[in-house]
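Residue numbers start from 1 in every chain, and the chains themselves are labelled A, B, ... in the order their sequence lines are given, proteins ahead of strands.
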There are 2 protein chains.
Amino acid sequence: MKDIARHAGVSQSAVSFALNGRPGVSEGTRDRVRQVAEELGWRPSTAARQLSGEGAATVGFVLARPADTLGVDSFFLQLVSGIQEVLAERHLGLLFQVVEDVDDECAVYRRWWAEHRVDGVLVVDPRTADPRPDLLDQLGLPAVVIGGAPDERHPGLSTVWADDAGAMASVVDELYAHGHRRIVHIAGLPGLAHTERRIRTLRAEAERRSLSEVESVTTDYSDAEGAAVTRRVLGRPAPPTALIYDNDVMAVAGVATAAELGFSVPADVSVLSWEDSALCRMVKPWLSALSRDSVEFGRTAARELTALVDGGPARTVRVPVPQVIVRDSTGAARAPA
Amino acid sequence: MKDIARHAGVSQSAVSFALNGRPGVSEGTRDRVRQVAEELGWRPSTAARQLSGEGAATVGFVLARPADTLGVDSFFLQLVSGIQEVLAERHLGLLFQVVEDVDDECAVYRRWWAEHRVDGVLVVDPRTADPRPDLLDQLGLPAVVIGGAPDERHPGLSTVWADDAGAMASVVDELYAHGHRRIVHIAGLPGLAHTERRIRTLRAEAERRSLSEVESVTTDYSDAEGAAVTRRVLGRPAPPTALIYDNDVMAVAGVATAAELGFSVPADVSVLSWEDSALCRMVKPWLSALSRDSVEFGRTAARELTALVDGGPARTVRVPVPQVIVRDSTGAARAPA
DNA sequence: GCAAGAACCTAATGCGTATTAGCAACTAAT
DNA sequence: ATTAGTTGCTAATACGCATTAGGTTCTTGC
């Protein structure tokens, strides 16, 4: 800015006024200053800006996953892609970090906030008994929880969520209508809030219909566990007629395993993936799946966070319920022999 | 720091000396200051630090991909995971951005550097006729190119690369030894440096052996194009006996397509994936694949970047050649009828 | 023709840290 | 006993920007 001032023959203050659209400088001078700034390729130093009161112009995103679990997962890249779209408009940066577990994640939040590195954070994979909302509340770090249930205990946090429970209920409705009575839900990580929500809802729906042979089994989301559980439950004397997998990776592994065991999909067993992706159309039969717009999910979350950072109120917004895309892996239950 | 100084009864300078391990303060005072800082939960403001000469303590990573291409790709998350491991040790942040194309990517580099937001960047997906190395050279922005060939035209840039050409040569060796004479390489995006390297090497190897029915076809890496190309080449009067796919997604799509067309893998046609992931073990037969350690790739790149940022010389380091993991999708060519 | 006000600009200050220069008290060497 | 050197600290300054308080000229109203 000193250089610009010199080139334009004015003071640094005038330059600041001119470039920030403040009054106190004539239009002629303003244009001249702008032009010089342009020529010099000037951009304000974020550090200096931040030091004089502005925010860090950055939001944080922490992914707490062991490196080897990071494998095939289209959800996060799409989510991030949507987040970026919104952040880019406002020239906000995204500080990204991968850590091992939630404790490390908390440590990262503490550090980021103490160092004034971020203006807010996006929190994913909310859990039951999650230490993060308390911490964020205590720190006063603006945050949007992605995928959690509405949480009235932390009025400072925004929440963006999809109605997993409603989706599960309608899935069960559908399966029941097609004659399915024995259903196994190959769930994701225990402890994740949405895993527990789905499990609870499934149990409730089963009880409502007095179905005794309906259950959920938790896994680590890996193809290996997906296959193992599939093998186990299909090996029973009265195997399930419908399998609900909490992600696409396990669903694909499950279909392969079913085929090995001589089960035909969907004639012998229906398969539904709770995550839609290219994967679902890469196996035969194509997998029916619950589809959500992850990119839009990210956009919504980012919008909420920017609103929060700008001093807006915390809100709880619901994104559309995931829709079942019926492909070739689901059908009516085989009539009992 | 003002608070710490007050609590400890010394000047701010003393606090700075004490906390940064500088001489000019007694051990007693140093300990006292440290303790007060600890109690107050003090962490230096990165903005202020940066303003007084330190770097931004951040490196940048731009992914230039349309949102819908981001789908199933394990490579990047693993790469980033490795990068993070190294950066976390030194408390460096990773500023991440997804953009549409290389031009946008260049704009991001300009802005980041002008705003002093990053100390260096990691560049992925190098291309033929890539504008980025020139730009980075011109800007003086420290950078590590990941996956490019050694580039003596830009001595300021570090390069971390795998020997694709060597890997392709050995793959052809292997296939030739097993009797394959008609080989189709379903390549990735034209314009990507490693795509072109593989294509060139394949052609050279074919010429060396006077094989006329060897070719490469470029694609957009999608399962759709992978399937389409597979369908086309297997429909020929003399279909290839070996298919090399530049990623796992296309390989899987290719196997499914081959099965549809009545080709048995590997009896009628061998399939090799140039990317290993859980996907390769999710289809039958399990796919033989070229495997590389993407996490270690990321670590290496991050290490080179930190060295560069610390003022070290630019280097060109080679990571181990990808190894062929032989599974069930490759075998001897069927003897000509 | 003079005061009041507006328009345009400059000077000065602060943000939180690192660093340099300076200063006092004490120690070692001549 | 005086000087030179060392130790342990404080004061002052810079970093790049935003902002607030001043200051000059120009215009307007009576």
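- Residue-to-nucleotide proximity on DNA chain C shows that, of B/Ser13 and A/Gly9, the 5′-proximal contact is made by A/Gly9.
- Using a 4.0 Å heavy-atom distance criterion, B/Gln12 is classed as a base contact.
- When each of B/His116 and B/Phe17 is assigned the nucleotide of DNA chain D bearing its nearest heavy atom, the one mapping closer to the 5' terminus is B/Phe17.
- Using a 4.0 Å heavy-atom criterion, one finds that A/Gly24 contacts the bases of the nucleic acid, with or without backbone contacts as well.
- Atom C1' of nucleotide C/dT19 and atom CG of B/Leu19 are separated by 15 Å, given to the nearest angstrom.
- Here the CZ-CG distance, from B/Arg132 to B/Asp125, works out to 7.0 Å after rounding to the nearest 0.5 Å.
- At least one side-chain heavy atom of B/Leu87 sits less than 4.5 Å from a side-chain heavy atom of B/Thr306.
- A 6.0 Å sphere centred on NE2 of B/His154 holds more than 12 heavy atoms belonging to other residues, nucleotides or ligands.
- With rounding to whole Å, B/Leu51 atom CG is found 12 Å from D/dA18 atom P.
- For A/Ser26, no side-chain nitrogen or oxygen approaches OP1 or OP2 of C/dC8 to under 4.0 Å.
- At C/dG16, none of the side-chain N or O atoms of B/Arg49 fall inside 4.0 Å of OP1 or OP2 (strictly under the cut-off).
- Among the protein residues, A/Arg30 comes within range of no part of the nucleic acid, since none of its heavy atoms lies under 4.0 Å from any strand.
- Put simply, CD1 on B/Ile4 is 14 Å from P on D/dT10, counting in whole angstrom units.
- At whole-Å resolution of the value, NZ in A/Lys2 and P in D/dG16 are 6 Å apart.
- Using a 4.0 Å heavy-atom distance criterion, B/Ser45 is classed as a sugar-phosphate-only contact.
- Looking at which nucleotide of DNA chain D each of B/Ser52 and B/Val10 is closest to, the 5′-most match is held by B/Val10.
- B/Glu196 and B/Thr128 make their closest contact through CG-CG2, 3.4 Å (heavy atoms, listed as atom of the first residue, atom of the second, distance).
- The base of D/dT10 is not paired with the side chain of B/Ser11 by any donor and acceptor separated by under 3.5 Å.
- D/dA14 atom C1' lies 16 Å from atom CE of A/Met1, rounded to whole Å.
- Side chain of B/Val25, nearest nucleotide from D/dC9, D/dA18, C/dA18: D/dC9.
- In this model, the phosphate group of C/dT19 is approached by a side-chain N or O of B/Arg22 to a distance below 4.0 Å at OP1 or OP2.
- More than 12 heavy-atom neighbours from other residues, nucleotides or ligands sit within 6.0 angstrom of CD on A/Gln138.
- For D/dG16, neither phosphate oxygen OP1 nor OP2 lies less than 4.0 angstrom from any side-chain nitrogen or oxygen of A/Trp42.
- Rounded to an integer number of Å, the gap from A/Asp3 CG to D/dC15 P is 12 Å.
- Each of C/dT17, D/dC17, C/dT19 was ranked by its minimum atom distance to the side chain of B/Glu54; first place goes to C/dT19.
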